There are 2 protein chains.
Amino acid sequence: MAKNTATAAPTERSGGDAARQPTRRERRTLRQEAAVNAAFTLAEREGVAGLTMRRLGQELDVDAAVLYRLFRDKDELLLAVCERTIETILGEIGEVPGDEPWQDTLRRIAEATWQVQTRFPAITVLTFARTTGGPCEARLVELQLATFTRSGLAPAAAVLYYRTFVDTALGLCAHSAALSSLDPEVREKDATAWTRVYAHLPADEYPATRAHIDQLSSVSQKALYDTAVEAVIAAIERAADGS
Amino acid sequence: MAKNTATAAPTERSGGDAARQPTRRERRTLRQEAAVNAAFTLAEREGVAGLTMRRLGQELDVDAAVLYRLFRDKDELLLAVCERTIETILGEIGEVPGDEPWQDTLRRIAEATWQVQTRFPAITVLTFARTTGGPCEARLVELQLATFTRSGLAPAAAVLYYRTFVDTALGLCAHSAALSSLDPEVREKDATAWTRVYAHLPADEYPATRAHIDQLSSVSQKALYDTAVEAVIAAIERAADGS
DNA sequence: GCAGAACTGACAACACCGTTGACAACGTCG
DNA sequence: CGACGTTGTCAACGGTGTTGTCAGTTCTGC
């Protein structure tokens with residue numbers, strides 16, 4: 001075991017062109033990439049708490065201390081992982097046709113975000129509130145702001161709705177990811193809480209709960225996400241019409 | 001130092017009526033309440049990583065091992081803290097007039113959630129995806145489901161929009177809380193990332209970003225939250241009209 | 001070619017974490 | 001009084017992020 005193949009990592013990159021001997025600096029970034037790859041596989045296999053420097057070193061057949069020559073600390077590694085996540089989202093978005101209605105572009109972005117964030121829930125939980133300041137993040141922000149500009153909103157309103165859109169999507173993705181990346185035992189405990197206690201509430205004090213008990217557990221996170229995204233898009237349409 | 005006064009804890013409770021000698025069981029729950037209180041003050045003073053069993057014991061002038069006689073493990077303590085948070089939200093909501101339009105009830109709930117969750121960001125981050133199965137949670141769910149029933153939605157749609165509303169609010173609160181409860185240094189690093197790198201992007205490749213650079217940092221989390229909440233409420237209104 | 005610098009790796013150590021067990025003091029009830 | 005449940009202290013276990021040291025290896029400049 002303990003190969004550094006990183007099978008589950010997104011957007012595997014070969015890191016350049018020819019078979020030229022890589023310089024030191026290139027080798028360094030290459031190993032950083034490998035570490036980021038391993039972080040993805042490790043986090044998704046072992047959960048949020050499983051992504052530790054020691055285990056990551058183990059995954060790469062290397063002492064944990066070596067990682068501190070690639071990243072100043074664990075936080076910097078997490079930011080690198082976060083950048084890679086954004087890069088994967090950009091790849092999932094693909095090319096945006098110039099004449100695509102801005103609504104569909106937003107839907108495309110929301111869909112890509114959901115796909116990637118739910119593919120790596122542990123990573124999402126660890127990074128959803130961070131700012132990388134990296135190139136991929138910049139490109140994604142630019143794409144989104146350009147889309148909102150196309151909607152015809154005035155700059156101030158565009159920024160307000162841009163952040164509403166982004167944070168709503170991110171918050172929901174993180175919430176869903178947090179749910180699906182609890183420890184299995186805790187997850188079980190929380191999940192059964194619904195049927196365990198809610199089904200036994202006195203019907204006279206909790207009529208609404210009793211009336212909806214069956215439906216409650218059948219709402220999928222994705223349906224809820226889509227509903228929220230559409231609600232925000234509709235709000236933007238109304239704001240754009242009014243201005 | 002290390003008083004157990006818990007000044008910042010919400011919904012301080014005196015724990016009952018008379019000066020009757022408390023039974024053993026009452027004393028036990030009393031000390032549990034004290035621990036929960038201390039957990040609030042500690043978490044908000046020291047941040048997410050500062051809420052440890054050892055420091056919590058220190059806060060109560062007691063060895064950490066004692067806490068394991070009050071709660072099976074740290075997770076159970078966290079759930080108790082979560083229940084108390086919900087209790088505080090219920091208190092902030094107050095009495096709902098029977099004839100209040102359901103939209104205003106939802107606004108009231110959203111506002112109370114925001115107020116409480118941002119008052120205790122560290123706690124929010126630690127508990128936002130958990131289910132307590134406790135009485136306060138049950139009462140809050142009942143209140144919300146009853147409100148959605150008043151909107152006239154069919155049961156299935158009511159549940160879908162209920163969960164959309166709740167998860168959107170929770171996700172945004174958690175996102176905001178996560179931002180404001182990063183370590184100060186990390187927080188600084190992330191915050192300055194915007195002005196540090198975004199202000200220096202080439203204007204030809206990032207026109208939209210450059211055009212909105214000033215506005216970007218001036219959007220408050222609260223404004224964004226209100227916008228999202230109104231968007232969801234509007235979506236519910238349309239769904240209720242259509243049905 | 002070869003010395004010196006730069007890099008890479010392994011190991012031990014530090015302080016801290018959640019958690020457990022053993023053991024002493026205390027009050028209460030029979 | 002003795003037995004017992006409760007409360008508290010202490011030490012320990014395995015784990016965490018992180019740092020420093022020391023040995024090799026690899027590259028660079030002369």
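Just so it is clear, the structure is predicted and the values come from calculations on it, not from any experiment. In what follows, chains carry the letters A, B, and so on, assigned in the order in which the sequence lines appear, proteins first and then strands, with residues in each chain numbered from 1.
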Q: Rounded off to whole Å, could you give me the CG-to-C1' distance for the L56(B) and dT19(C) pair?
A: 15 Å
Q. Ignoring hydrogens and geometry, is there a side-chain-to-backbone donor-acceptor pair from E59(A) to A39(A) under 3.5 Å?
A. no
Q: Could you check how far CG of L70(B) sits from P of dT19(C), rounded to whole Å?
A: 14 Å
Q | Side-chain donor-acceptor pair present, Y198(B), E137(A), cut-off under 3.5 Å | A | yes
Q. Quick one: L67(B) CG to dT6(D) C1', roughly how many Å, whole number?
A. 15 Å
Q | Whole-Å gap separating P (dT9(D)) and CG (L60(B)) | A | 11 Å
**Q.** For E142(B), all residues meeting side chain to side chain donor-acceptor pair (under 3.5 Å), sequence neighbours excluded
**A.** T209(A)
(Q) Between P on dC7(C) and CZ on R31(A), what's the gap in Å once rounded to a whole number? (A) 11 Å
Q. Which letter, B, S or -, goes with each nucleotide of nucleotides 11-21 of chain D from 5' to 3', with contact meaning a protein heavy atom under 4.0 Å?
A. -B---BBBBBB
Q) Do you know which of D167(B), T164(B), V159(B) makes side chain to side chain contact (heavy atoms under 4.5 Å, CB included) with V219(A)? A) V159(B)
Q) Side-chain contact, heavy-atom cut-off 4.5 Å: T113(A) with V166(A)? A) no
Q: Can you tell me the distance, in whole Å, between the CD atom of Q32(A) and the C1' atom of dT8(C)?
A: 14 Å
Q.
If you apply the rule salt bridge (Lys or Arg N to Asp or Glu O under 4.0 Å), what do you find for E205(A) with R210(A), and how did you get there?
A. CA-CA 9 Å; E205(A) 281 205 58; R210(A) 290 299 291 265; over 6 Å; no
Q. Over how many whole Å does the gap from Q58(A) atom CD to dA10(C) atom P extend?
A. 12 Å
